[in-house]
Every structure is written in structure tokens, then in C-alpha cells.
Amino acid sequence: MLTNLKPQPADKILELIGMYRADPRPNKIDLGVGVYKNAEGVTPVMRAIKAAEKQLWEAETTKSYTGLAGEPAFHDAMIELVLGTSVERDRIAAAATPGGTGAIRQAMELVMLASPDATIWVSHPTWPNHLSIIKHLGLPLKEYRYFDSETRAVDFAGMAEDLAGVKAGDIVLLHGCCHNPTGANLTLAEWAEVISILQDTGATPLIDIAYQGFGDGLEEDAAGLRMVASEMPECLIAASCSKNFGVYRERTGILMAISETAKNTGVTQGNLAYLNRQNFSFPPDHGARLVTMVLTDDALRADWKAELEEVRVGMLGLREQLASELQRLSGSDRFGFLAQHRGMFSRLGTTPELVQKLREDHGIYMVSDSRLNIAGLNKNTVPVLAEAIVKTGI
């Protein structure tokens with residue numbers, strides 16, 4: 001049987017990691033990695049998570065399974081964090097998943113159950129794993145314009161024009177904040193226009209929010225999502241705790257499904273539990289329990305929010321430093337978009353050939369589409385990157 005298998009295409013980011021590790025140059029810079037790193041190049045365990053973990057170790061009495069959909073306390077804590085009071089709680093079904101990726105996969109599985117003829121619309125570009133999952137499941141896929149490589153901003157006119165062609169019952173996948181890979185976000189006015197288009201077409205939004213708190217703040221980053229959830233009859237939300245709680249390896253995520261009325265919630269909840277059972281049975285609980293503890297304890301929550309704000313402000317500082325240094329070296333404002341983008345990522349909007357030249361000549365590693373991870377920098381490496389960008393002719 002196994003002799004029938006064919007090689008799968010290599011994951012570009014994992015391939016880049018291998019190339020970086022094999023590079024003997026001492027001053028190489030890794031901007032391709034998809035995780036947050038501090039100035040020392042470490043992805044730290046957050047203080048509040050560490051404290052919660054200690055409390056859990058002392059109090060935990062069993063490692064028995066959690067519920068099929070995870071713990072209700074985790075659902076409630078995450079619904080409050082992501083949605084606030086924008087939607088009535090009795091309209092929301094939820095299930096814990098192995099990370100935000102698991103939530104996206106379960107959302108697609110739910111679409112296959114409820115609307116098997118739906119086309120999934122994704123932004124161009126989007127997170128590559130969105131495309132991989134959709135294609136693996138055999139779902140119809142279309143793209144809508146999103147990023148303008150010339151202005152390095154959202155091509156909202158193109159986006160609106162493409163979404164106007166979406167059919168009733170189709171799924172429109174939107175990034176809640178800190179768009180990956182571009183860092184270019186919708187304004188609240190643009191979110192409002194997207195809502196109007198979705199209402200006119202009868203499409204259903206699926207919002208992937210993986211970076212809440214990394215952009216403009218916890219509440220600000222959820223503002224567009226909350227507008228959509230409050231004004232659309234139905235909405236799917238895939239949320240990740242990997243980044244804003246730093247629990248990457250604990251695989252902590254959640255899928256929320258908002259029904260038009262509370263009478264549909266029970267059936268939707270049953271289907272989410274059913275899908276968990278088919279795919280992995282009981283979801284992982286350790287990370288979800290830590291997140292629940294942090295969000296429901298006043299002291300832990302306050303410390304978590306303070307550290308998350310330090311992370312956010314630190315990335316903004318690196319963005320502003322890089323944009324300023326590039327302006328000084330190039331004598332041009334063409335890199336000002338770097339200070340306007342939000343989250344870990346930005347897209348330079350250059351060619352794969354120039355990205356390769358950056359790697360070969362300067363030991364600077366980023367994905368071939370020119371996505372760079374701002375969190376891979378520190379105040380000392382920003383001038384190095386800026387000089388390399390200008391010398392390369394980007």
C-alpha cells in the first residue's frame with residue numbers, strides 16, 4: 001500500500017527553516033518563522049501562563065478526558081474575550097480544537113455537513129494552510145483581491161468588486177486582524193461595507209482570528225469581527241490562543257458557530273461535538289485550562305494583559321524603527337507602510353528573486369512572497385535589515 005504514495009510538496013516555511021539552520025553565517029537573520037520571538041530570539045512562556053501552570057500542577061487531581069467539545073468554562077471565557085457582548089450567548093455553539101488550525105479544519109468540515117455545494121472564498125493572498133486544507137477536503141475555492149503590491153495596502157475596491165460576485169450560501173473567509181501574510185488590515189468603515197455586501201449576497205462569513213491583542217489592542221482587534229457577528233444572521237469564528245497566550249505547543253483553539261436564533265444552537269452544538277469525535281475524539285485540555293484560569297482570575301488576567309501589551313508595543317516600536325531607518329537610507333517614504341501594518345507580519349511586495357538575493361548576499365531569510373516576521377527582529381538587527389533591503393534594490 002505505502003508504495004502507492006507520492007511525495008507531497010514541501011512546506012515552504014519548514015523548508016526555509018532548514019535552510020536557515022544550515023547557514024553557517026553568524027549574523028544571519030530569520031524573518032520566516034511564524035511564531036513570536038522576543039529580543040533574545042526566544043518564544044517565552046508568559047508570566048500568567050507560568051503562574052496558572054503552577055497552580056494547576058498543585059490542584060489537578062486527574063488527567064481523564066474532557067468533554068467532546070471541551071470544557072464549557074473554556075467556551076465561555078473565549079466567547080467573552082473574542083465577542084464581548086456583541087452576540088447573545090444562547091446563539092453561540094462552541095468546540096475546543098487542536099489550535100486555530102484545528103478550528104479552521106472543523107469549520108470546513110461543518111460547511112461540508114451543512115452546505116456541501118458552498119464555495120470557499122479566501123483573500124489573495126492568505127495563510128497558505130487555508131488553501132491547503134480547503135484543497136485537501138476537495139471544497140470549491142475562489143479568491144478575492146485583497147493586497148495591492150504597489151501601495152502595500154488593502155485593495156478594497158478590488159475586494160468589494162470580487163465579493164459582490166459571491167453566491168448565497170458561499171463562505172467568505174476573513175482575517176479578524178493582523179492579516180497573515182500582509183499585515184494590512186481593514187478599517188472599521190471597510191468592515192461595515194463588507195457586512196453590507198455579505199448581507200446582499202447571502203454569503204456566510206468565517207473569521208479567522210489568530211492574533212487578537214497583537215495589533216491595536218484586545219478590544220480594538222476584535223471590533224470588526226464583533227460588527228460582523230452582531231449584524232449577520234450566521235457567522236463562524238476560528239480563534240487561536242497560540243500567539244496571544246504563547247501556548248503554541250499546547251494546541252489551544254476554539255471554533256464558534258453563531259446561529260440566527262437560539263433554537264438552532266443545540267443542533268449546531270451537537271454537530272460540533274460529532275465532528276470532534278470523528279476527527280480526534282476529545283480535544284486537548286491543558287492549554288485550554290490554563291487560558292481559562294488566566295481569563296477568569298483577576299490577577300492573572302491583569303498580568304497577562306500587561307505582558308501582551310508589552311509584546312504589542314514592542315512590535316510597533318520595531319515597525320516604526322524599521323520604517324524610519326529605511327526612510328533615512330533610501331530618502332523615500334515608500335516603506336512607510338511598515339509602520340501602518342499590524343501584527344507580526346508584513347509583506348514587502350517584492351519579487352522572489354530579490355528575496356533570494358537578500359538570503360544569498362545578506363543571510364536574511366524570509367518567505368519567497370516577501371512576508372517577513374517583525375518579531376524576528378530586535379533593535380540591533382533592524383539597521384542591518386534596512387541596509388540590506390536598500391542595497392538589494394527592493
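Hydrogens, waters and symmetry mates play no part in the numbers below; they use all other heavy atoms, side chains included.
Remark: the Tyr365 side chain and the Asp23 side chain contain an N/O donor-acceptor pair separated by less than 3.5 Å. If you check the side chains of Glu387 and His362, you find no donor sitting under 3.5 Å from an acceptor. When only modelled atom types and interatomic distance are considered, Arg319 and Ser346 share a side-chain donor-acceptor pair under 3.5 Å. Side chains of Arg226 and Ser230: no donor on one and acceptor on the other come within 3.5 Å. Neither side chain, Gln321 nor Glu325, offers a donor N or O lying under 3.5 Å from an acceptor on the other.
Among the candidates Asn180, Asp208, Thr126, Asn185, the single residue satisfying the side-chain hydrogen bond (donor to acceptor under 3.5 Å, both in side chains) test with His175 is Thr126. Screening Trp304, Phe214, Phe74 against Phe245 for a ring-ring contact (aromatic ring centres under 6.0 Å, His included) leaves a single residue, Trp304.
Heavy-atom contacts from other residues, nucleotides or ligands closer than 6.0 Å to CZ of Arg21 number 12 or fewer.
Between Leu206 atom CG and Trp121 atom CH2 the span is 15.5 Å, to the nearest 0.5 Å. Atom CG of residue Asn373 and atom CD1 of residue Ile29 lie 12.5 Å apart, to the nearest 0.5 angstrom.
In this structure the side chain of Glu71 never reaches within 4.5 angstrom of the side chain of Thr292, judged on heavy atoms. Annotation: side chain of Cys177 is in contact with side chain of Ile209 (closest heavy-atom distance under 4.5 Å).
Using modelled atom types, one side-chain atom of Asn271 and one backbone atom of Val267 make a donor-acceptor pair closer than 3.5 Å. Proximity of a side-chain donor or acceptor of Asp221 to a complementary backbone N or O of Gly215 within less than 3.5 Å is detected.
The existence of a salt bridge linking Glu309 and Arg312 is confirmed by a sub-4.0 Å separation between a basic side-chain nitrogen and an acidic carboxylate oxygen. For the pair Arg105 and Glu109, the salt-bridge criterion is met [side-chain N within less than 4.0 Å of a carboxylate O]. The pair Glu40-Lys37 fails the salt-bridge criterion, with no side-chain N (NZ, NE, NH1 or NH2) lying under 4.0 Å from an Asp/Glu carboxylate O.
Of all the heavy atoms in Lys142 and Thr119, the pair that sits closest is CG-CG2, 3.9 Å. The nearest pair of heavy atoms linking Arg251 to Pro284 is O-CG, 3.5 Å. Counting all heavy atoms, side chain and backbone alike, Val247 lies closest to Cys241 at CG2-O, 3.4 Å.
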After noting the C-alpha distance and the side-chain angles of Glu234 and Arg91, does the key distance pass the salt bridge (Lys or Arg N to Asp or Glu O under 4.0 Å) rule?
CA-CA 9 Å; Glu234 294 183 340; Arg91 290 175 53 206; over 6 Å; no
Apply the test salt bridge (Lys or Arg N to Asp or Glu O under 4.0 Å) to residues Arg301 and Glu80: give CA-CA distance (whole Å), side-chain angles for both, the deciding distance (0.1 Å), then the verdict.
CA-CA 13 Å; Arg301 184 171 180 136; Glu80 185 274 331; 3.2 Å; yes
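A cation-pi arrangement is present between Arg371 and Phe345 under the rule of less than 6.0 angstrom and at most 45 degrees off the ring axis. Seen from the ring of Tyr36, Lys243 does not count as a face-on cation partner, given the 6.0 Å and 45° thresholds.
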